Protein chains: 2
Amino acid sequence: MSQSITRGGSSTSKKEEQAFLEAYRPGDYARPSVTVDLVIFTIKDGALAALFVTRGEHPWKGALALPGGFLRVGKDRAEQGEDLVDAARRELSEETGLSDARIYLTQIGAFGKPGRDPRTRVISVAYVALVRPELAQKTVGGGDATHAQFLDVSKPHKLAFDHGEILAAARAFVQRELLVSSIAFELTPETFTIQELRGTYEVILGEPLDPGNFRKRFLRMLEEGIIAETREMRRTPSKPARLYRFAKRNRS
Amino acid sequence: MSQSITRGGSSTSKKEEQAFLEAYRPGDYARPSVTVDLVIFTIKDGALAALFVTRGEHPWKGALALPGGFLRVGKDRAEQGEDLVDAARRELSEETGLSDARIYLTQIGAFGKPGRDPRTRVISVAYVALVRPELAQKTVGGGDATHAQFLDVSKPHKLAFDHGEILAAARAFVQRELLVSSIAFELTPETFTIQELRGTYEVILGEPLDPGNFRKRFLRMLEEGIIAETREMRRTPSKPARLYRFAKRNRS
DNA sequence: GTAATAGTGTCTTTTAGACAATATTTC
DNA sequence: GAAATATTGTCTAAAAGACACTATTAC
């Protein structure tokens, strides 16, 4: 915003500002469309999977795409529409039926290269959602009779628009975040064994972890109170394993 | 984007898509304005400082604000306007006169709460720029006869719009990034002593660091080739100190 | 010499990684 | 008992933090 040179911080009257706002008319320069796109991750069949929809219309008709939609913008100054994160929650709910506010959802950035959508200039604000596997199975994307489906992200898919780039950014975000916060639990069932949690880590990081060494990390989290023991055991093909549950976040 | 249920990935003809695009007319639902706002950091007088402008117009007339401006959006499909990061570079250049493409500039996210600008719905994409102190002094913001000025961010300032929130996010971003990448060098003169680099770390982290322990970290970076020794020494009030220079990034 | 700051060394604790070994259950 | 895997333990190396100490220069 180019500023005229006015200094000294003279407090201007509320009345004057009111008059300014009344007189304000939006310029007629072009505005972009703003969409909110979601990378909804879950663990499916032992792999990191994301929800994709098949496009039914041009452009990119028939191609896989990330779920998303237009940000709802109000018509006047008093009603300016919905917040970005609310639009993301709404999309999440529409695509999966999941409206639980506890589901992890966070913004990872804006993507807005000119030409990314051939129809018009679009700025997409991307969000990452993490859905526990038992919840994901119950959603629209859980079955495969619908247009939305969870697919293994380690397998290459031809995606519409620049959604491949957004997906890559989302994977990088989750990998980085895994090392500093408790997001692994957002992709793990309510109760889990040490090995099951290790599986989640392995799937996100894309590499195997030593069971003994992972156990040490796990026990540290237990001491810190991030994880709590339960009385139950999980039956396995061999020796049963203790079940634990997530107790508290290690950072807000 | 709501999808009609079409499956099977039948590849559609280019001609059909072309026809679709020709017929496409943007809907008349409201679009938001999109701006790019910058948090331009430097080190000034031994403190982390950011560039602020004084608003000359309503709303928030007379208040401090982050420099920023509207994203330029083209009028038609063929010419969709400038990229987000190009808009950020343009603003950086306009506000500081610095057009060097080597200046660190990266996006930290989109801010778009309804009501953040009383005039109309605005989505702001925020960028962080890091400017070396010797460069910052030469800029418009270096003196204080202009409307743009670098101010110590650890002192509270009443900022326009939600710019306080954006500034806080930018500071958090830089602090996190300091621990994993080489951004400290983006705020350090070309050549520097160990103590001077430590000063940069201290100013960003907001806490003192042990000189002996920091030296060990420093020497590790020297071994890794991130830093290189020079032949020069810096004269100090007491024992002179060796000068080093930044050699290579530790991650792209 | 004295003050100031550059630079070195020591000790402890934490964490990670590689990897061997033991324990307990199902079958 | 055999197979599987949960669990424990050992050794090494890297890194961080606290803190005392030495070296070299300006004045």
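First the proteins, then the strands, lettered A, B, ... as listed; each starts at 1. Predicted model only: the values in this text are computed from it and were never measured. What you see below is based on every heavy atom in this structure, not just the backbone, and it leaves out hydrogens, waters and symmetry mates.
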K.L.:
What about B/Lys216, does its side chain sit under 3.5 Å from the base of C/dG9 through a donor-acceptor pair?
P.N.:
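Flag unset: no donor-acceptor pair detected.
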K.L.:
OP1 or OP2 of D/dA6 sitting under 4.0 Å from any side-chain N/O of A/Arg234?
P.N.:
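No, no such contact exists.
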K.L.:
Rounding to an integer number of Å, can you tell me how far A/Glu223 CD sits from C/dT14 P?
P.N.:
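Checked: the CD to P distance equals 10 Å.
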K.L.:
Take atom CZ of B/Phe218 and atom P of D/dG17, then tell me their distance rounded to the nearest Å.
P.N.:
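After rounding, the gap between these two atoms is 18 Å.
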K.L.:
Charged N to carboxylate O below 4.0 Å: is that the case for A/Glu94 and A/Arg90?
P.N.:
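Yes, this pair counts.
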K.L.:
Among D/dA4, C/dA4, C/dG17, find the nucleotide with the atom closest to the side chain of B/Ser238.
P.N.:
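So the nucleotide nearest the side chain must be C/dA4.
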K.L.:
If the cut-off is 4.0 Å, is A/Arg235 near the phosphate of C/dT26, judged by side-chain N/O to OP1 or OP2?
P.N.:
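Yes, within the criterion.
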K.L.:
D/dG17 P sits how many Å from B/Arg198 CZ, rounded?
P.N.:
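Rounded to the whole Å, the gap is 14 Å.
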K.L.:
To the nearest Å, give me how far apart CZ (B/Arg215) and C1' (D/dA18) are.
P.N.:
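It is 17 Å, rounded to the nearest whole Å.
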K.L.:
Determine whether the aromatic ring centres of residues B/Phe192 and B/Phe185 are separated by less than 6.0 angstrom.
P.N.:
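Close enough - the centres of the two rings lie under 6.0 Å apart.
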K.L.:
For B/Asn213 and D/dA14, what is the distance between atoms CG and P respectively, to the nearest whole Å?
P.N.:
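The distance from CG of B/Asn213 to P of D/dA14 comes to 18 Å, rounded to the nearest Å.
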K.L.:
Starting from C1' on D/dA18, measure out to CD on B/Glu207 and report it in whole angstrom.
P.N.:
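To the nearest whole Å, that distance equals 15 Å.
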K.L.:
Can you tell whether the side chains of B/Lys113 and A/Asp83 come within less than 4.0 Å, N to carboxylate O?
P.N.:
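Judged by the 4.0 Å cut-off on N to carboxylate O distance, B/Lys113 and A/Asp83 do not form a salt bridge.
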K.L.:
Report the residue (A/Ile194 or B/Gly212) whose heavy-atom-nearest nucleotide on DNA chain D is the more 5′ of the two.
P.N.:
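With A/Ile194 and B/Gly212 compared, the 5'-side residue is A/Ile194.
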K.L.:
Check this for me: does the side-chain of A/Asp210 come within 3.5 Å of the base of C/dA16 through a donor and an acceptor?
P.N.:
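By the distance-only test, no, there is no pair.
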K.L.:
Calculate the interatomic distance between A/Glu202 atom CD and C/dG17 atom P; express it in whole Å.
P.N.:
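After rounding, the reported distance stands at 13 Å.
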K.L.:
Of the candidate nucleotides C/dC19, C/dG7, D/dA6, which contains the atom at the shortest distance from the side chain of A/Thr236?
P.N.:
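Selected nucleotide (nearest to the side chain): D/dA6.
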K.L.:
So, for A/Leu209 and A/Arg198, which heavy atoms are closest and what is the spacing to 0.1 Å?
P.N.:
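Scanning both residues, the minimum pair turns out to be O-NH1, 3.5 Å.
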K.L.:
Identify which nucleotide among C/dA6, D/dT7, D/dC19 has an atom closest to any side-chain atom of B/Ala241, counting heavy atoms from C-beta outward.
P.N.:
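Of the candidates, C/dA6 comes closest.
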K.L.:
Of the options D/dA18, D/dC27, C/dT25, whose atoms approach the side-chain atoms of A/Lys239 most closely?
P.N.:
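Ranking D/dA18, D/dC27, C/dT25 by closest atom to the A/Lys239 side chain puts C/dT25 first.
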K.L.:
The side chain of A/Gln195 is closest to which nucleotide in this list: D/dT7, C/dC27, C/dT5?
P.N.:
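The closest nucleotide is D/dT7.
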K.L.:
Roughly how many Å is it from CG in A/Leu205 to P in C/dA16, rounded to a whole number?
P.N.:
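Atom CG in A/Leu205 sits about 13 Å away from atom P in C/dA16.
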K.L.:
Out of C/dT15, C/dT5, D/dT5, which nucleotide sits closest to the side chain of A/Arg220?
P.N.:
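Selected nucleotide: C/dT15.
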K.L.:
How close do A/Lys44 and A/Ala49 get, counting heavy atoms only, and between which atoms?
P.N.:
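Here A/Lys44 and A/Ala49 meet closest at CB-CB, 4.0 Å.
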